[in-house]
There are 2 protein chains.
Amino acid sequence: MVMSFFSKLSVREQQQKVRDEAILEATSLLLARKGYDLMTMDEVAAEAGIAKASLYKHFTSKELLAAAVMTRLLDNALAFLGGLPPETSAREKMQALLRWALDLRLGGGLPLLPSMNPTLQSTLLANRAYVERILKLNGRMAELVKTAQAQGVIDPELPTEVIMFTLYARTCDPALDYLRMTGKYTNQQVADYLVRVAFAGLRGTPT
Amino acid sequence: MVMSFFSKLSVREQQQKVRDEAILEATSLLLARKGYDLMTMDEVAAEAGIAKASLYKHFTSKELLAAAVMTRLLDNALAFLGGLPPETSAREKMQALLRWALDLRLGGGLPLLPSMNPTLQSTLLANRAYVERILKLNGRMAELVKTAQAQGVIDPELPTEVIMFTLYARTCDPALDYLRMTGKYTNQQVADYLVRVAFAGLRGTPT
DNA sequence: GTCTATACCATGATAGAC
DNA sequence: GTCTATCATGGTATAGAC
């Protein structure tokens, strides 16, 4: 089919994108708030302001919807990393990424990592787009970690994977929720503490 | 009703305890493996070798069952802490408790902390026995943390709560699962890494 | 009296008719 | 796009066997 760039179809496609984006945003919020298992498609539809069946016109299954959200999230993470000024050190980049994720979570926008729902897990791993992003991010992270280790600012005795996985894990650290529940700290303070503890540990850095 | 200590009822009560224990153990495994939401009462019954309806004779709801498991877990944690030799330092005790929890998890026996299922959460907080244990453990932990901070072996600039919550959070660190999935490390190594990173951080301890 | 089998009922993911 | 089924799942209650 031939069409101009300004045809009605193009506009309609843009509308689609806008709607898709709204759905993804709603899903993101709900995933962050309740997790995959407890999130229902009814809620997503309500939050996005459309009917449930309409939702299924956009995303053909709950799992695919979740995969789309996770993929978008990884894209954002990669974009964030890529957008950091070139003079930023490797360790600073690692720290900034963790901070970015924690801030996202404090704003209600970070879907927890794939809980351990097995069906979701396998759907994700079968999802070309998702896996591609994961691999790309892993590659970037591995570089940063190795550089930082070579510079001696990250424990060189730890396997690269341990560092990477720990960083990923810290983005969904439940301590964040606990601290927030006390009501004693600002979001900034909570994030500061978590980043600090992730890098310096409970022992702290002796001078 | 009057009865001897060796009456049949007493025996029957013992049978009850044994069965209860088997159910709790089965639930523990399943909670650890699938989490609360995905665990079904059918599975629990199957794993415990009884019928679903019988299960409901022992525990009148899924939530109460989970609460019982969590309470038992906290009892075990308290017993473990209490059983450490008196000469153990505060920091060693903290470390030992984390290690104990991680070993439990590696053995498949640690139900993750209350996911964030809201109904479960409120059931737990309404459960006298559970809350009692939580408060007791929190008390013990707060003592240990303060002592260790006073001794300068735990970062004294961090609020006690940050330390405590971080420790709790580390017991369910997803990095453990990631590392195990690589298949590159023994369970011992995985636990060693996690404990080390929890206390020394990613930066490591500069000599 | 304790377990088994089965029935009930709400919820939530999908599919099909307008 | 919406509205209205369908269909499976899973928590809970009951009815009857040993």
Side-chain angles (χ1 to χ4, degrees), chain A residues 8-9 11-24 26-27 30-31 33-69 115-124 126-127, chain B residues 1 3 7-24 26-27 30-31 33-69 115 117-124 127:
Chain A
K8 280 185 181 171
L9 257 177
V11 169
R12 192 170 296 164
E13 276 178 4
Q14 283 192 353
Q15 292 286 356
Q16 274 278 14
K17 284 289 168 206
V18 170
R19 257 171 232 273
D20 280 5
E21 191 53 34
I23 294 173
L24 290 177
T27 309
L30 287 166
L31 275 182
R33 202 179 311 152
K34 330 189 43 168
Y36 178 78
D37 304 322
L38 261 43
M39 178 190 80
T40 77
M41 293 299 264
D42 296 78
E43 289 168 326
V44 174
E47 182 83 26
I50 60 176
K52 185 161 65 152
S54 313
L55 176 54
Y56 273 91
K57 300 273 159 121
H58 291 263
F59 297 93
T60 50
S61 81
K62 185 183 179 183
E63 287 166 6
L64 281 178
L65 174 55
V69 168
S115 39
M116 47 229 55
N117 187 317
T119 54
L120 176 59
Q121 185 94 13
S122 54
T123 302
L124 284 177
N127 187 307
Chain B
M1 183 193 342
M3 61 169 152
S7 72
K8 279 185 180 174
L9 257 178
S10 176
V11 168
R12 192 169 296 162
E13 276 178 4
Q14 284 193 352
Q15 292 285 356
Q16 273 279 13
K17 283 290 167 205
V18 170
R19 258 170 232 275
D20 279 5
E21 190 53 33
I23 295 173
L24 290 176
T27 308
L30 288 166
L31 274 182
R33 201 180 308 151
K34 329 189 44 169
Y36 178 78
D37 305 323
L38 260 44
M39 178 191 79
T40 77
M41 294 298 266
D42 294 81
E43 289 169 325
V44 174
E47 182 82 25
I50 60 175
K52 191 163 61 152
S54 313
L55 177 54
Y56 273 91
K57 296 276 160 107
H58 290 265
F59 297 94
T60 49
S61 83
K62 186 183 180 184
E63 288 166 5
L64 281 178
L65 174 57
V69 167
S115 37
N117 188 316
T119 52
L120 176 59
Q121 185 94 13
S122 54
T123 301
L124 284 177
N127 186 308

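Naming convention: chains lettered A, B, ... in sequence-line order (proteins, then strands); numbering from 1 in each chain. For clarity, every value in this text was computed on a predicted model and none was experimentally measured.
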**Message:** I want to check something: taking the side chain as every heavy atom from C-beta on, are Asn127(B) and Thr123(B) in contact at a cut-off of under 4.5 Å?
**Reply:** no
**Message:** Is there a side-chain contact between His58(B) and the phosphate of dC3(C), meaning an N or O under 4.0 Å from OP1 or OP2?
**Reply:** yes
**Item:** Between dG11(D) (P) and Phe59(B) (CZ): distance, integer Å
**Value:** 16 Å
**Contact letters for nucleotides 8-18 of chain C, in which S counts primed atoms plus P, OP1 and OP2 and B counts the base, heavy atoms under 4.0 Å** = ----SBBBBB-
**Prompt:** Closest heavy-atom contact between Tyr56(B) and Ser61(B)?
**Reply:** CE2-CA, 4.1 Å
**Asked** Between atom CG in Asp20(A) and atom P in dG1(D), what is the gap in whole Å?
**Response** 9 Å
**Asked** Phosphate oxygens OP1/OP2 of dC3(C): is one of them under 4.0 Å from a side-chain N or O of Arg19(B)?
**Response** yes
**Fill in**
When every non-hydrogen atom of Met39(B) is compared with those of Lys62(B), the smallest separation belongs to O-NZ, 2.8 Å
**Item:** Nearest non-hydrogen partners of Ala51(A) and Ala45(A), listed with the distance
**Value:** C-CB, 3.8 Å
**Asked** What are the two closest non-hydrogen atoms of Leu55(A) and Met41(A), and how far apart are they?
**Response** CD2-O, 3.5 Å
**Fill in**
Heavy-atom nearest pair, Ala68(A) first then Phe59(A), reads CB-CE2, 3.8 Å
